[in-house]
Amino acid sequence: METLSKDSCYHIFNRGIDSGVIFKNEDNMNYFLTLIKKHLSEKVNILAYVLMNNHFHFAVEIVSNEKEVSQAFSNLFNAYAKAFNKQNARTGSLFERPFKRILIKNETYLKNLICYIHKNPEKHGIVDDFSTYKFSSFQKFFANIDSILAKQNFTIDLFGDLDNFKFVHSQDLSGFEKLINQANPMETQDLSGFENLTGQQPIKDKFYQYIQNLQNQITSKLEEIDGEATFKEDLWERTEGGGGRTRVIENGAVFEKGGVNISAVHGELPQSMQQYFGVKDADFFACGLSLVLHPKNPMVPTVHANWRYFEMYDKDGNIVDSWFGGGQDLTPYYLFEEDAKHFHQVCKTACDKHHPDFYKDYKQKCDDYFWNAHRNEARGVGGLFFDYCKATDEMSMQNWYEFVTEVGNSFLECYVPIVEKRKELSYSKEQRDWQEIRRGRYVEFNLVHDKGTLFGLKTNGRIESILMSLPPHVQWKYDYQPDSGSEEEKLIEVLKQPQGWV
């Protein structure tokens with residue numbers, strides 16, 4: 001048997017005598033977990049566990065000396081066996097002796113072992129989906145509840161983050177299961193073939209999972225703010241490959257119209273886009289979240305945001321190019337300078353965590369991009385805009401992922417305080433007319449200049465989702481000019497020359 005050495009990790013497992021039942025019901029399992037906490041908590045760190053009717057598995061780190069740890073396990077098994085025997089009118093040993101243990105000598109084995117432990121109930125046909133099983137540690141990593149797990153952060157850090165932890169559990173472990181059934185796999189087997197099981201989740205999968213979660217967070221918060229309307233969901237598929245989840249809110253107390261949409265589309269890159277990128281016979285994958293919110297009150301600004309990822313492949317399916325893009329920008333109808341400063345300050349704070357030049361550069365790109373050239377004015381007071389963010393010596397794709405998600409996570413902080421401050425302000429019919437006139441400029445930009453709209457139309461995207469950004473009520477008055485010295489003219493003057501807000 002392996003000696004239980006302090007500061008080492010082990011796979012510890014055991015079963016009932018002659019594979020007999022050791023847990024007859026949930027009360028038995030709950031009691032065993034209680035005893036684990038009582039007898040083992042100061043001797044070992046439980047990293048993962050699973051209990052089934054006739055056996056169990058632990059991944060543990062030893063924190064005490066061998067004698068104390070062995071005695072602690074002996075006390076655990078004896079205490080449980082005594083109670084189980086009394087309850088079931090039986091005598092004699094319950095567990096096989098000695099309990100089995102395997103020294104874990106590298107991180108790859110440990111990560112695979114944790115997945116193996118969690119997936120055991122599915123492997124044995126106890127449940128169809130291992131993630132639903134109550135008596136393993138898997139669910140405990142996603143819930144802030146008391147458990148016997150001693151080092152949850154340590155375990156998650158092994159996998160990078162919770163998203164990758166979940167992703168790795170979805171991989172095929174059949175080869176590892178064969179390996180783990182060997183008498184002493186760590187001494188006799190090469191684990192290099194299992195590195196891929198614990199590799200990082202592909203960026204495209206990780207980012208798509210992120211925007212799905214972000215969509216939920218944003219729509220829930222916006223429904224809370226509105227108080228009346230809720231988002232209606234529309235799932236759609238693209239004939240050439242992929243689809244999306246459109247969520248639209250209309251005629252609410254705060255939001256007259258808005259959409260928070262996600263999509264993931266793939267297939268052959270259309271000829272027009274192949275010409276644009278200068279490639280031939282290319283396939284692509286693109287996913288992103290795009291949102292636009294048009295409030296009812298003209299004192300509350302319209303907001304737009306988009307975060308996206310793109311991959312392009314050669315005829316053999318190899319990635320030949322990939323990049324991130326996105327940003328967020330504010331379009332007010334009446335200028336409250338403190339709102340513009342707040343929006344930009346939150347954007348700058350997010351950028352500064354990743355590079356000292358990002359805010360300056362991407363604010364400038366936003367001012368340049370959201371420019372209605374035919375009107376010679378900005379669409380709004382700007383924000384951030386970035387595109388073609390590719391791997392460099394300074395920034396890996398993982399670094400770009402972290403930056404883009406930082407910006408995405410900042411959106412609600414950028415916008416919600418402004419809405420809360422302005423949504424109850426009174427307004428006149430004339431101010432409402434001005435809002436609709438300015439909305440016309442918004443429509444003009446989206447249909448004439450916006451690359452995202454053009455890309456969606458040229459890749460046979462879903463028209464309803466692409467044009468979701470258009471406001472419901474718009475005016476175009478011939479040669480309309482605001483009164484001199486008015487609040488409306490104040491806005492126009494700012495839009496003619498982008499400002500430095502922070």
Side-chain angles (χ1 to χ4, degrees), residues 211-236 244-263 288-308 326-334 339 342-343 346 370 379-381 383-384 407-425 427 432 434-447 450 452-453 456 461-475:
I211 61 175
Q212 291 179 78
N213 294 333
L214 185 62
Q215 184 190 40
N216 293 334
Q217 294 171 20
I218 291 174
T219 54
S220 295
K221 185 61 179 179
L222 295 177
E223 287 179 345
E224 176 188 326
I225 292 170
D226 191 275
E228 288 185 11
T230 58
F231 280 88
K232 295 181 179 178
E233 183 171 281
D234 184 13
L235 302 177
W236 55 274
R245 185 169 70 190
T246 295
R247 289 181 181 169
V248 173
I249 190 170
E250 293 182 294
N251 302 317
V254 175
F255 301 108
E256 187 171 14
K257 183 185 178 186
V260 182
N261 302 342
I262 59 172
S263 63
L289 185 155
S290 181
L291 69 84
V292 177
L293 298 166
H294 294 291
K296 182 179 294 185
N297 190 325
M299 302 301 161
V300 183
T302 283
V303 71
H304 159 260
N306 174 269
W307 308 282
R308 57 191 179 272
Q328 50 205 33
D329 62 282
L330 199 66
T331 304
Y333 306 103
Y334 287 90
D339 294 350
H342 166 80
F343 190 90
V346 176
F370 292 105
R379 190 175 78 172
V381 296
L384 301 174
V407 175
N409 292 338
S410 75
F411 170 76
L412 289 174
E413 185 183 353
C414 277
Y415 187 58
V416 168
I418 296 172
V419 179
E420 297 283 19
K421 189 182 295 185
R422 308 298 174 195
K423 67 179 183 178
E424 303 295 341
L425 296 180
Y427 59 91
R432 172 70 177 180
W434 171 248
Q435 177 195 46
E436 293 182 357
I437 290 170
R438 292 305 307 170
R439 282 177 172 178
R441 302 290 198 267
Y442 197 94
V443 171
E444 289 175 18
F445 177 86
N446 279 27
L447 296 182
D450 186 61
T453 302
R462 185 170 183 267
I463 298 301
E464 289 299 320
S465 297
I466 296 169
L467 301 183
M468 169 277 301
S469 62
L470 303 184
H473 301 286
V474 190
Q475 292 187 36

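Note that the coordinates shown come from a computational prediction; the quantities given were computed from them, not determined experimentally.
A heavy-atom distance below 4.5 Å is found between the side chains of Trp307 and Leu291. With contacts defined as side-chain heavy-atom distances shorter than 4.5 Å, the pair Ile249/Leu222 does not qualify. Between Glu420 and Ile225 there is a side-chain heavy-atom pair separated by less than 4.5 Å. For the pair Val248 and Asp234, the minimum side-chain heavy-atom distance is 4.5 Å or more. Between Val419 and Pro295 the shortest side-chain heavy-atom distance does not fall below 4.5 Å.
For Glu233, the side-chain hydrogen bond (donor to acceptor under 3.5 Å, both in side chains) criterion is met by Arg247, not counting sequence neighbours. In this structure, the ring-ring contact (aromatic ring centres under 6.0 Å, His included) partners of Tyr442, at least two apart in sequence or on a different chain, are His294. Partners of Lys232 according to the side-chain hydrogen bond (donor to acceptor under 3.5 Å, both in side chains) rule, which considers only residues two or more places apart in sequence or in another chain, do not exist here. Remark: Phe343 pairs with no residue by the ring-ring contact (aromatic ring centres under 6.0 Å, His included) rule, at least two apart or across chains. Partners of Asp339 by side-chain hydrogen bond (donor to acceptor under 3.5 Å, both in side chains), not counting sequence neighbours, listed by chain and number: Arg422. Asn213 meets the side-chain hydrogen bond (donor to acceptor under 3.5 Å, both in side chains) test with no other residue; sequence neighbours excluded.
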Output, in order, the C-alpha distance, side-chain angles, deciding distance and verdict of side-chain contact (heavy atoms from CB on, under 4.5 Å) for Ile262 and Gln212.
CA-CA 7 Å; Ile262 59 172; Gln212 291 179 78; 3.6 Å; yes

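Considering CZ of Phe445 and CZ of Phe370, their distance stands at 5.0 Å, rounded to 0.5 Å. Between the NE2 atom of His342 and the SG atom of Cys414 there is a distance of 6.0 Å, given to the nearest 0.5 Å. Tyr415 OH to Ile218 CD1: the interatomic distance, rounded to the nearest 0.5 Å, is 12.0 Å. Distance CZ/Arg432 to CD/Gln475: 9.0 Å, rounded to 0.5 Å.
Side-chain N/O atoms of Arg438 and Gln435 include no donor and acceptor closer than 3.5 Å.
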